[in-house]
Structure formats: C-alpha cells, structure tokens
K.L.:
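Sharing a structure here in structure tokens format.
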Amino acid sequence: MGKPALDLSKLSADEKLELIDDLWRSLSSEELPLSSELCAELDRRLDRLDLEGPAGVPWEDVRAEMTTSES
C-alpha cells in the first residue's frame with residue numbers, strides 16, 4: 001500500500017472520525033467476509049434476541065433519570 005494522498009496529521013480528530021466513517025460505509029458486504037465463527041456468534045445473538053427481546057433501558061428513561069438527578 002502506498003502513501004495516503006492526504007496528510008492525516010493535519011486532520012482534526014473529528015475529521016479523522018468522519019473519514020473512518022466514510023471509508024467504512026464505502027465497503028460493500030462482499031468486501032467484508034465473515035468467518036464461520038463470527039457468523040455463528042451473530043446467529044446465536046439474534047436467536048437470543050428473538051427469545052428474550054431487547055435488553056437495556058430506553059434512551060427516554062435514561063435521559064429522564066439524568067435530568068431528575070441533576071436537579
């Protein structure tokens with residue numbers, strides 16, 4: 001791989017993160033092969049989600065708790 005066309009050292013952290021996001025989004029699913037182990041893990045997690053439903057706390061509840069704690 002050759003030297004990048006732009007000087008990364010001159011980019012801000014936000015610009016670097018945006019570039020990472022742009023690069024990630026530019027990849028197609030064919031360019032991101034999954035190992036059989038990763039496919040099995042993803043299937044396991046989806047099966048668990050189907051059985052147990054989503055885990056966690058809705059953002060609205062978290063935000064409400066944060067704003068009442070600050071008062």
Side-chain angles (χ1 to χ4, degrees):
M1 178 183 250
K3 188 174 180 176
L6 68 128
D7 187 355
L8 300 175
S9 66
K10 294 185 180 187
L11 296 177
S12 69
D14 285 341
E15 290 169 325
K16 289 176 183 177
L17 289 171
E18 186 176 337
L19 179 59
I20 291 169
D21 186 51
D22 290 345
L23 288 169
W24 182 256
R25 290 175 187 269
S26 74
L27 294 170
S28 69
S29 58
E30 293 79 31
E31 294 172 300
L32 297 170
L34 300 178
S35 67
S36 59
E37 292 85 7
L38 185 53
C39 284
E41 176 63 16
L42 292 172
D43 287 339
R44 184 190 68 76
R45 291 182 184 195
L46 287 171
D47 290 343
R48 183 173 156 198
L49 182 62
D50 287 341
L51 287 173
E52 299 174 9
V57 179
W59 168 242
E60 294 79 17
D61 295 351
V62 174
R63 184 170 176 88
E65 185 177 324
M66 289 171 47
T67 54
T68 58
S69 299
E70 293 175 0
S71 302

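The chain is numbered in sequence order, starting from 1. Heavy-atom basis, side chains included; hydrogens, waters and symmetry copies ignored.
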K.L.:
Considering all heavy atoms of both residues, which atom of Glu15 and which atom of Lys10 are nearest to each other, and what is their separation?
P.N.:
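Scanning both residues, the minimum pair turns out to be OE1-O, 4.2 Å.
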K.L.:
Output a table of donor-acceptor pairs, distance under 3.5 Å, between side-chain atoms of residues 36-43 and any protein atom two or more places apart or on a different chain; print 'none' if there are none.
P.N.:
residue: Glu37; atom: OE1; partner: Ser35; partner atom: OG; Å: 3.4
residue: Glu41; atom: OE1; partner: Arg44; partner atom: NE; Å: 3.0
residue: Glu41; atom: OE2; partner: Arg44; partner atom: NH2; Å: 2.6
residue: Glu41; atom: OE2; partner: Arg45; partner atom: NE; Å: 2.8
residue: Glu41; atom: OE2; partner: Arg45; partner atom: NH2; Å: 3.4

K.L.:
Identify whether Leu23 and Leu8 are in the same connected component of the hydrophobic contact network (ILVMFWY, side-chain heavy atoms under 4.5 Å).
P.N.:
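Leu23 clusters together with Leu8.
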K.L.:
Give a yes or no answer on whether the side chain of Glu65 reaches the backbone of Val62 with a donor-acceptor pair at less than 3.5 Å.
P.N.:
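Not at all, since once roles are kept as given, no pair shorter than 3.5 Å links the two residues.
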K.L.:
So which of Asp22, Asp14, Asp21 actually passes side-chain contact (heavy atoms from CB on, under 4.5 Å) with Glu18?
P.N.:
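Answer to the side-chain contact (heavy atoms from CB on, under 4.5 Å) test with Glu18 among Asp22, Asp14, Asp21: Asp22.
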K.L.:
Which residue pairs pass the side chain to side chain donor-acceptor pair (under 3.5 Å) test when at least one of the two sits in residues 50-62, sequence neighbours left out?
P.N.:
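Counting only pairs at least two positions apart or across chains, the side chain to side chain donor-acceptor pair (under 3.5 Å) contacts touching residues 50-62 are Arg48-Glu52.
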K.L.:
Would Val57 and Met66 show up in the same hydrophobic cluster when neighbours are defined by side-chain heavy atoms closer than 4.5 Å?
P.N.:
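The answer is yes; both residues are in one hydrophobic cluster.
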K.L.:
With sequence neighbours excluded, tell me which residues meet side chain to side chain contact (heavy atoms under 4.5 Å, CB included) with Ser9.
P.N.:
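With sequence neighbours excluded, Ser9 shows a side chain to side chain contact (heavy atoms under 4.5 Å, CB included) to Asp7, given in chain and number order.
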